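Shown next, in structure tokens, is the structure this report addresses.
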Amino acid sequence: MTPFRRIAESFELKGVGLHSGRECRLRVSPSEEGRIVLAAGGAAGNPLCGQELPIDLLGLDGSSRGSDYIFPDGSRVRTCEHILAALTGMGVWSARLEVEGGEMPALDGCSGKASEEILKYSEPCEEAGLSPFALSSPLIVGEGERFAAAFPAPEFRVTYAVRYDTPVIGTQMLDFSGGPEEFYQDIARARTFAMASEIEALRAQGMALGGSLDNAILVEESGVRASGGLRWPDEFVRHKVLDLMGDMAALGRPLHAHIVAVRAGHELHLRLAERLRRLQGAASGRCR
Ligand SMILES: [Zn+2]
């Protein structure tokens with residue numbers, strides 16, 4: 001498999017949004033701009049209707065258990081990380097993503113289904129849309145035991161460590177590098193998860209309203225509830241790598257760096273992405 005692919009034919013993904021619980025629709029088509037562009041569609045009267053910008057120019061918010069992309073007027077598309085991981089993990093850096101419903105469909109709670117569709121409707125190509133950004137000096141965000149750092153490296157690589165108080169997860173670590181084949185085989189099907197003890201509080205805050213065993217692993221005190229059981233004993237840290245890959249897509253281009261993340265999450269991932277965006281802007285002489 002070549003490292004890059006481009007969307008050859010438009011396709012649609014539909015389903016409930018993980019947090020909003022609403023029916024959402026995503027249409028993926030070739031991008032004329034050669035970049036990943038987010039377009040908010042829907043019926044006239046929808047405040048999101050008609051907005052369209054490359055993802056690297058949109059605001060980011062990782063504070064609500066997901067990665068939201070924010071348009072200049074403050075409206076947002078929620079939970080973009082699993083779709084962006086599927087696209088960029090499969091080597092697609094140029095696509096138009098039109099979203100209805102204000103959130104990406106949760107699908108199977110990971111990047112598996114989206115990756116399969118991307119594979120079906122894309123074809124190999126020589127280059128990504130924009131040239132890769134090669135980091136030249138280390139960066140770190142976070143403090144103490146929770147941080148995300150980026151180091152110069154000849155290609156993209158992630159080392160991720162998690163530690164949860166519950167022995168059901170405990171400490172897990174994974175080192176990942178590779179192309180679409182490795183992503184599809186080792187990362188794409190790792191599902192999102194939530195602690196049973198926090199579900200009520202999340203729902204009271206308008207989160208996880210679309211969550212179910214069709215799209216998430218539920219971690220209980222004595223074990224997990226997961227459709228078909230766990231896919232790997234370390235499915236949790238694999239999903240964190242998936243989340244991080246999706247969040248690094250906020251740069252809008254491939255990243256040549258080694259990311260080391262310890263007990264991080266979307267907020268830290270996106271803070272790192274913001275810092276990388278600023279460096280990338282300075283390197284290319286653009287103002288931000
Ligand atoms: Zn996730």
Side-chain angles (χ1 to χ4, degrees), residues 13 15-21 24 26 38 55 60-69 76-90 97 99 102-116 118 146 148 158-164 168-169 172-174 176 183-184 186-196 198-199 202-203 205-219 224-227 230-232 234-250 259 261-273:
L13 297 166
V16 71
L18 183 67
H19 289 307
S20 66
C24 301
L26 165 67
L38 193 60
I55 55 167
L60 303 170
D61 179 6
S63 65
S64 303
R65 295 296 186 97
S67 297
D68 298 356
Y69 282 68
R76 60 182 64 206
V77 177
R78 295 174 81 182
T79 327
C80 295
E81 63 272 21
H82 301 164
I83 296 292
L84 290 176
L87 273 174
T88 58
M90 296 306 286
L97 310 178
V99 183
E103 185 172 12
M104 292 289 185
L107 307 174
D108 47 354
C110 57
S111 302
K113 169 111 172 64
S115 296
E116 282 164 22
I118 289 162
R146 295 176 187 270
V158 182
T159 305
Y160 214 119
V162 295
R163 195 189 78 220
Y164 288 84
V168 174
I169 303 179
Q172 302 189 344
M173 192 178 131
L174 188 74
F176 175 79
F183 170 77
Y184 187 64
D186 299 331
I187 304 295
R189 293 176 61 254
R191 293 162 293 182
T192 191
F193 55 95
M195 307 295 153
E198 63 182 2
I199 290 291
L202 286 174
R203 290 193 166 154
Q205 297 170 65
M207 290 185 267
L209 296 172
S212 72
L213 291 182
D214 289 335
N215 56 31
I217 298 169
L218 193 63
V219 181
V224 299
R225 285 174 64 196
S227 174
L230 286 181
R231 291 172 176 168
W232 299 268
D234 63 351
E235 188 166 353
F236 305 98
V237 74
R238 286 172 193 258
H239 186 80
K240 298 295 280 189
V241 170
L242 185 162
D243 278 341
L244 179 74
M245 290 178 74
D247 288 340
M248 290 302 112
I259 312 285
V262 176
R263 306 187 73 195
H266 293 297
E267 193 146 36
L268 282 177
H269 300 167
L270 293 181
R271 265 168 64 192
L272 185 66

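Read the numbers this way: they start at 1 and go in the same order the structure lists the ligands and their atoms. As the structure is a prediction and not an experimental result, all values here were calculated from the model. These numbers come from the heavy atoms of this one structure, side chains and all, not from hydrogens, waters or symmetry mates.
If you put the vertex on the Zn ion (ligand 1), NE2 of His239 and NE2 of His82 sit 100° apart, to the nearest 10°.
At a cut-off of 2.8 Å, Cys110 does not coordinate the Zn ion (ligand 1) through any N, O or S atom. The distance from the Zn ion (ligand 1) to the nearest N/O/S atom of His266 is not under 2.8 Å. Metal site remark for the Zn ion (ligand 1): Glu81 contributes no N, O or S atom at a distance under 2.8 Å.
Take Cys110 and apply the side-chain contact (heavy atoms from CB on, under 4.5 Å) test, not counting sequence neighbours, and it matches Asp108, Arg191, Arg231, Leu242. Leu209 meets the side-chain contact (heavy atoms from CB on, under 4.5 Å) test with Arg203; sequence neighbours excluded.
Arg189 places a side-chain heavy atom less than 4.5 Å from the side chain of Trp232.
Tested against Asp68, the residues His19, His266, Arg76 include a single side chain to side chain donor-acceptor pair (under 3.5 Å) partner, Arg76.
Of all the N, O or S atoms in Asp243, the one closest to the Zn ion (ligand 1) is OD1.
Side-chain contact of Gln172 with Tyr164: a donor-acceptor pair under 3.5 Å is absent, judged by distance alone.
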